[in-house]
Amino acid sequence: MAEDKRLATKGFYSYKYIKTMRKLLLLLTLVTALNLTAQEKDAKTLNALLKQENRLTARSNTDELILKAMVQYKDGDESVDLKSIKLNLDGTTRIADVERVKVFTTGLEEYDNNRFHDYATLIGSCDPQEGDFECELEGQLLEGVNFLWLAVDVADDAVEGNFIDMSCLEISTVDETVEVKNTSPSGKREIILARTTLLRPGDYNSTNYRIPAVITARDGSVVAVTDKRKYNNGDLPEDIDILCNRSTDGGHTWSEPYTIAYGTGHGQGFGDCALALTNDDNGIIAAFVGGPGFWGSTPENPLRMYIARSNDNGQTWTEPQDITYQIYGAECDDPERKEWLGGFFGSGSGLLTSNGRIMFVVAMRENNNREMVCNHAVYSDDNGLTWQVSERASVGGDEAKVTELVDGRILMSIRHNGNRWYNISDDGGVTWQESTSEWTDIVAPACNGDLIRFTSTNNGDDKNRLLHSVPVGSSRKNVTVYVSYDEGETWPTSRCVVPYNSAYSSLCILPDKTIGLYVEESYQGEGDYCTVFYNFSLNWLTEGEDNVVSLPEIEDADIIKGEMEIYPNPTSDFLNVKTEDLTLINIYNVNGQLIQSYNSDDDVMIVDVSDLEKGIYVIEGVADENRRINYFIKK
């Protein structure tokens, strides 16, 4: 945010100007790319040029663009009737991943790829086929450059990691057929579990949207929060609302946006929202700021800090509650913090620790040195009623995130240009190491990212994993998700999810142990950011190198679930097994492999599991006529 205010003041060409120049360039490109001789120009009334769409696509998505065809018609007539288009799905991994092939037109008007459907008319559709096939069309070409949009509906059971591609071979009118010269431009679309655009510039009467935050509620719904920057792309003190969208189907479809906090004018807006679960059954807490902006904040007129609560998994929210006086500014009782100038929350994920502490991170201007923004944790031990401020965690930082390590320590990741900074607290986030450290395997621009716990052996998972999302390199593009297997010491595995302009992002874990990523992105010069939700598996993220092993997979391995009394569970050393009529005790790991086996001749057997690795295990009791099964967690 500290850098974003300066970026927002720069001038940009208008969208109308860019669109006009793009159209002129297209006309030049169309003639040049076809490289027609004078004789060919006289003989043909149609010319065609294709452009490939390369973004990820997802299961169940409809009208997913594959190719944009720019078709020039020139014959002196105002229009000509279209007859058919010949296509091929070569490059598609599995034809069954495509439910339907569709052709749309927007006439002589070109639109961004993520907006064409708002203005398009369907002129043909057909079932996908192997080899070359024709799709009949009912529409017209107008004199000039026409825009046809070749799209597909993706099957509900499409395979994650498969590709969809298309070639356009011929376009036929009632008068002639033209062969397309560059039938299949480079690229294809890879399938993931879900990819949905939530908000685009101009939607709901707002020029811009930024600052994504996402969380999985306890009922399994996904709750996404975004800055609605109504009149421009600038940070506070601009007039900004905080919107919320909610999905109950894993991110495939979303509710209409509703408002958590309404901005009412310049200097009276809200923004930079972070989300955390509370200790209530259906509770979520949102922390955000509002007012004069970070650089205009003073102790007497501070950038105010607020919380709002949802007690129904994000469906409704309380009115914003001002907690500024508990954190900093002239109204604060703490003699040092009452002199602080301004602060804001690092948007994205907050933290609910294993002992019930709610925690966010703030970036603070403790004095007038613009280069010395400091980070502090802000935490509550009474479910958000009162708030405390930690000792300083960084000097020269910016937006930061925290997660809890399996040994109870708190890890903070801090925005920094170059090697990403981090710090660790040994006392639950109250104090921090004297100086920050840096990760050499996460090199990023000065940009907000996210940090969350994915799996933990403390919770019975097969291994410990952390996830981190942030752009890669020196500029805001290529948002990548990293995986750590050693509690944040190293990040050896990563995959770029958004390989074009992209900046802030937020992560969540869905109930099925797949990963959610909510990110702001701009594809191929489409202008300001859209906000997009992605859902993918660990297997896809690691390109097959890692996979979360779940209990249903054990059942698939022909292990029958029954009843057998065991205690204590979880355990770190010994397990008491009530055997009764059982004659054999077997212990399996989550892959179904036999680890230990014991003969049983007592009513209660004490099994030593101290040498086992942390994680979930299956314990099987065998009797003469039946088998019993239970699960235990080794701490």
Side-chain angles (χ1 to χ4, degrees), residues 1-5 7-8 198-199 208-215 222-229 233-238 240-245 257 259-261 263 269-277 284-291 293-294 297 303-308 314 317 320 323 327 342-351 358-364 373 375-378 397-403 412-416 420 444-452 468-471 476 479 502-508 516-521 529 531-533:
M1 177 175 177
E3 181 182 286
D4 299 337
K5 180 176 177 64
L7 291 174
L198 274 69
L199 298 163
N208 296 94
Y209 293 93
R210 281 210 62 203
I211 319 300
V214 70
I215 194 169
V222 183
V223 178
V225 172
T226 316
D227 274 14
K228 180 182 181 180
R229 300 192 166 189
N233 202 25
D235 297 332
L236 296 171
E238 298 300 327
I240 301 172
D241 300 341
I242 297 177
L243 297 187
C244 184
N245 296 76
T259 304
I260 296 176
F270 300 90
D272 294 289
C273 187
L275 298 171
L277 296 177
I284 302 174
I285 189 168
F288 50 93
V289 292
F294 186 53
S297 178
L303 181 59
R304 307 202 74 86
M305 295 188 167
Y306 298 92
I307 60 169
W317 295 84
I323 61 168
I327 310 301
F344 67 98
F345 294 101
S347 61
S349 294
L351 175 65
I358 300 171
M359 187 179 300
F360 301 100
V361 185
V362 292
M364 298 297 309
V373 175
N375 289 114
H376 297 260
V378 173
D398 206 308
E399 290 132 327
K401 305 296 171 59
V402 285
T403 194
M412 180 185 293
S413 172
I414 304 163
R415 167 176 163 170
H416 181 254
R420 187 86 176 178
C447 187
N448 195 10
D450 216 358
L451 171 70
I452 62 169
H468 202 313
S469 63
V470 73
R476 291 185 171 187
V479 163
S502 44
Y504 285 27
S505 59
S506 184
L507 290 160
C508 66
L517 174 72
Y518 186 38
V519 63
E520 52 185 25
E521 63 174 60
Y529 293 127
T531 64
V532 181
F533 178 80

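Any value given below was found using the heavy atoms of this structure, including those in side chains, with hydrogens, waters and symmetry copies removed. Owing to the predicted nature of the structure, the values given are computational and were not obtained by experimental measurement.
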Evaluate the criterion side-chain contact (heavy atoms from CB on, under 4.5 Å) for residue pair Cys244 and Val223; output intermediate values, then yes/no. CA-CA 7 Å; Cys244 184; Val223 178; 3.5 Å; yes
Which is it for Phe294 and Val373 under the side-chain contact (heavy atoms from CB on, under 4.5 Å) test, yes or no, and what are the steps along the way? CA-CA 11 Å; Phe294 186 53; Val373 175; 4.0 Å; yes
Report the distance from atom [atom1] of [X] to atom [atom2] of [Y], rounding to the nearest 0.5 Å.
X	Y	atom1	atom2	result
Ile242	Thr259	CD1	OG1	10.0 Å
Ser469	Leu507	OG	CG	3.5 Å
Phe288	Arg304	CZ	CZ	13.0 Å
Ile211	Thr531	CD1	OG1	11.0 Å
Asp235	Arg210	CG	CZ	6.5 Å
Leu517	Ser505	CG	OG	5.5 Å

Which pair of heavy atoms, one from [X] and one from [Y], lies closest together, and at what distance?
X	Y	answer
Tyr518	Ala224	CE2-CB, 3.8 Å
Cys273	Ala213	O-CB, 3.5 Å
Ile260	Ala308	CG2-CB, 4.0 Å
Leu451	Ser413	CD2-CB, 3.9 Å
Cys508	Phe533	SG-CE1, 4.2 Å

Any donor and acceptor pair, going by atom type alone, linking the side chain of [X] with main-chain N or O of [Y] inside 3.5 Å?
X	Y	result
Ser502	Val479	yes
Glu520	Ala503	no
Arg476	Glu521	no
Asn375	Asp398	yes
Glu399	Cys447	no
Asp272	Ser347	no
Lys401	Gly449	yes

With a 4.5 Å heavy-atom cut-off, do Met305 and Val362 have their side chains touching? yes
Evaluate the side-chain proximity of Tyr209 to Leu243: yes if any heavy-atom separation is below 4.5 Å, no if none is. yes
If we count only N and O atoms by modelled type, under 3.5 Å, do the side chains of Asp450 and Ser506 hold a donor and an acceptor together? yes
List the steps, then state whether side-chain contact (heavy atoms from CB on, under 4.5 Å) holds for Leu198 with Thr226. CA-CA 10 Å; Leu198 274 69; Thr226 316; 5.5 Å; no
Residue from Ile307, Leu275, Ile215 passing side chain to side chain contact (heavy atoms under 4.5 Å, CB included) with Ile285: Ile307
Taking the inter-plane angle between the rings of Phe270 and Tyr306 on a 0 to 90° scale, is it parallel (under 30°), tilted (30 to 60°) or perpendicular (over 60°)? perpendicular
Run Ile284 and Leu277 through side-chain contact (heavy atoms from CB on, under 4.5 Å) and show every step you take. CA-CA 4 Å; Ile284 302 174; Leu277 296 177; 4.2 Å; yes
